[in-house]
Amino acid sequence: MDLDAITKHSALHAKPSGLILQYGTAGFRTKAEHLDHVMFRMGLLAVLRSKQTKSTIGVMVTASHNPEEDNGVKLVDPLGEMLAPSWEEHATCLANAEEQDVQRVLLDISEKAAVDLQQDAFVVIGRDTRPSSEKLSQSVIDGITVSGGQFHDYGLLTTPQLHYMVYCRNTQGQYGKATTEGYYQKLSKAFVELTKQAFCSGDECLLLKVDCANGIGALKLREMKNYFSRGLSIQLFNVGTTGKLNHLCGADFVKSHQKPPQGIEMKPNERCCSFDGDADRIIYYYYDADGHFHLIDGDKIATLISSFLKELLLEIGESLNIGVVQTAYANGSSTRYLEEVMKVPVYCTKTGVKHLHHKAQEFDIGIYFEANGHGTAAGDAISDMLVIEAILALKGLTIQQWDALYTDLPNRQLKVKVADRQVISTTDAERKAVTPPGLQEAIDNLVKKYKLSRAFVRPSGTEDIVRVYAEADSQESADSLAHEVSLAVFQLAGGVGESPQPGL
Ligand code: 16G
Ligand code: MG
């Protein structure tokens, strides 16, 4: 590595002084204008990681469901997984190093991680459709080339597609071809094969409306549509020609507001789904004949998939061990249904795909979903959509029948602004607050006031806020409990600004 060249180039991607960023749940994420130096340095780090693992490493430029003005970056490890935790720390150190320290931090990391600097390095890059993404991915490339790495820039990709490319390249094509065409072929072939024996046919069963959040999902689904045209007909909405990315649409909007996105025409009982901005989340929903909106979240998706697999195993007399992994956000009804009706063991981990993924690997068949619609290996809205559509077709289930598996407990999520969200620490997979003192007792006392109730708080890993979750036997109770817990957080954890108001 030519350290002098790195220092020279680094100065062209100077770090704004005083800016400290953290490699969080899903990489670095903040306003796009603050990220140039992080991108350059993640190019450098990807080269080191590639040398160390002697494998291809991925770099994805995206801020997922965040507003269009934000951006972010994350590294993808050799088997298409999230970056190993020890390297997350290296990433944070490198991103926050002052200009004059970049060389030293690079050498430090190389030494600590026993990187053979003579080794070749290869990095693949993908980006979402944000206006800032192209320039930022150029900064990643700058970092790669100046540190002597080779690269392939895939340009526009969904996040899961980049994970797929990395995995294919590191398994010498055994998993699939490392091209978008290879991805389309692999997934659609599996879908077409699976649905050959489908019980359900006819237009009504086959139509699915997809809200693409004005993001990358629209471009990729449009390309992919032709590969499975016989099995499924999809209509795309919010394709990015007029609306803003993730604005009033997309999986995060639908889940957190519990209402349909703008820009989609929904008739009663029509099956609809929303992707997020980088197409790794999916949420389903519909209007019933009385005009009521029904949300089908990640919990119900996990239930559909695990019930299907459990039935298949019973049918063929296999006794593979099967487990479902959820987070504290999983609706209480889903956990109860899985454990008591389906008799499937359920485990709870901290929020963030990597935690669920890790746990799921302990089973012969591990199924995991966050309530917000993140599931499977790295979360892939397209493959999740196909598996759901295949199961519905094979079982001849309508969206209402799927929805009727169990009834969600009414719930509410709120955000509270505090001076330092790290004053809140949690245990028991984020279900209990350890600090600040008195907070958990206050929550316990509030929960006691309501029926079938549960509440927890945790510092967000992606925004500078504390998240509050509450569920109870009625929407009114869930709203009221969430509000009271917000007040407790505000009072005991250093709330800033106006104190939480009911109904917000
Ligand atoms: C990120 C995570 C997602 C998690 C969310 C929580 C990945 C790929 N994404 O989007 O799994 O649900 O953060 O956000 O891990 P929060 O910490 O702000 O609640
Ligand atoms: Mg996402």
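Sequential numbering from 1 along the given sequence is applied to the chain's residues. Just follow the structure's listing: the first ligand is 1, and inside any ligand the first atom is 1. All values derive from a computational prediction rather than experimental measurement.
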Pairing residues for Ser425 by the side chain to side chain donor-acceptor pair (under 3.5 Å) criterion, not counting sequence neighbours
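Partners of Ser425 under the side chain to side chain donor-acceptor pair (under 3.5 Å) test: Thr435.
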Below 4.0 angstrom, N of the basic side chain to O of the carboxylate: do Asp252 and Arg281 qualify?
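So Asp252 pairs with Arg281 through a salt bridge.
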Any carboxylate oxygen within less than 4.0 angstrom of a Lys/Arg side-chain nitrogen, looking at Arg49 and Asp77?
yes
Have a look at ligand 1 and work out which part of [X], if any, has a heavy atom under 4.0 Å from it: side chain, backbone, both or neither.
| X | value |
| --- | --- |
| Ser460 | both |
| Lys415 | neither |
| Lys74 | side chain |

Considering only heavy atoms of [X], which atoms of ligand 1 have at least one such atom less than 4.0 Å away?
| X | result |
| --- | --- |
| His65 | 10 (O) |
| Thr351 | 4 (C), 6 (C), 12 (O) |
| Arg458 | 16 (P), 17 (O), 19 (O) |
| Arg281 | 10 (O) |
| Arg467 | 16 (P), 18 (O), 19 (O) |
| Met82 | 8 (C) |

Should Phe456 and Tyr329 be marked as a ring pair (Phe, Tyr, Trp, His ring centres under 6.0 Å) after you check the CA-CA gap, both sets of side-chain angles, and the distance that decides it?
CA-CA 9 Å; Phe456 67 90; Tyr329 289 106; 5.0 Å; yes
Heavy-atom check, side chain of Tyr227 versus side chain of Glu181, under 4.5 Å
yes
Flag if over 12 foreign heavy atoms under 6.0 Å of CD, Glu476
no
Got more than 12 heavy atoms from elsewhere within 6.0 Å of CD, Glu265?
no
Could an N or O of ligand 1 be found under 3.5 Å from any N or O of [X], whether backbone or side chain?
| X | result |
| --- | --- |
| Asn372 | yes |
| Glu370 | yes |
| Gly461 | yes |
| Val353 | yes |

Flag, side chain of Asn246 to backbone of Gly277, donor-acceptor distance under 3.5 Å
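Confirmed, Asn246 side chain pairs with Gly277 backbone.
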With salt bridge (charged side-chain N to carboxylate O under 4.0 Å, His left out) as the criterion, how do Glu463 and Arg421 come out once you've worked through the C-alpha distance, each side chain's angles and the decisive distance to 0.1 Å?
CA-CA 10 Å; Glu463 283 180 70; Arg421 68 192 198 276; over 6 Å; no
Return yes when Ser64 approaches ligand 1 closer than 4.0 angstrom through a heavy atom, no otherwise.
no
Does ligand 1 have an atom under 4.0 Å from some heavy atom of Lys354?
no
Using the six-membered ring of Tyr284, assess whether NZ or CZ of Lys300 lies under 6.0 Å from its centre and within 45 degrees of the ring axis.
no
Do Lys74 and Phe28 form a cation-pi contact, if we require the NZ or CZ to be under 6.0 Å from the six-membered ring centre and within 45 degrees of the ring's axis?
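No; the conditions do not both hold, so Lys74 does not lie above the ring face of Phe28.
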May I ask you to check whether Tyr368 and His357 place their ring centres under 6.0 Å from each other?
yes
Are the aromatic rings of Phe363 and Tyr347 close, with centres under 6.0 Å apart?
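Yes, close enough.
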Less than 2.8 Å from the Mg ion (ligand 2) is the window; count the protein N, O or S atoms in it.
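Every protein N, O or S atom under 2.8 Å from the Mg ion (ligand 2) counted, the figure is 4.
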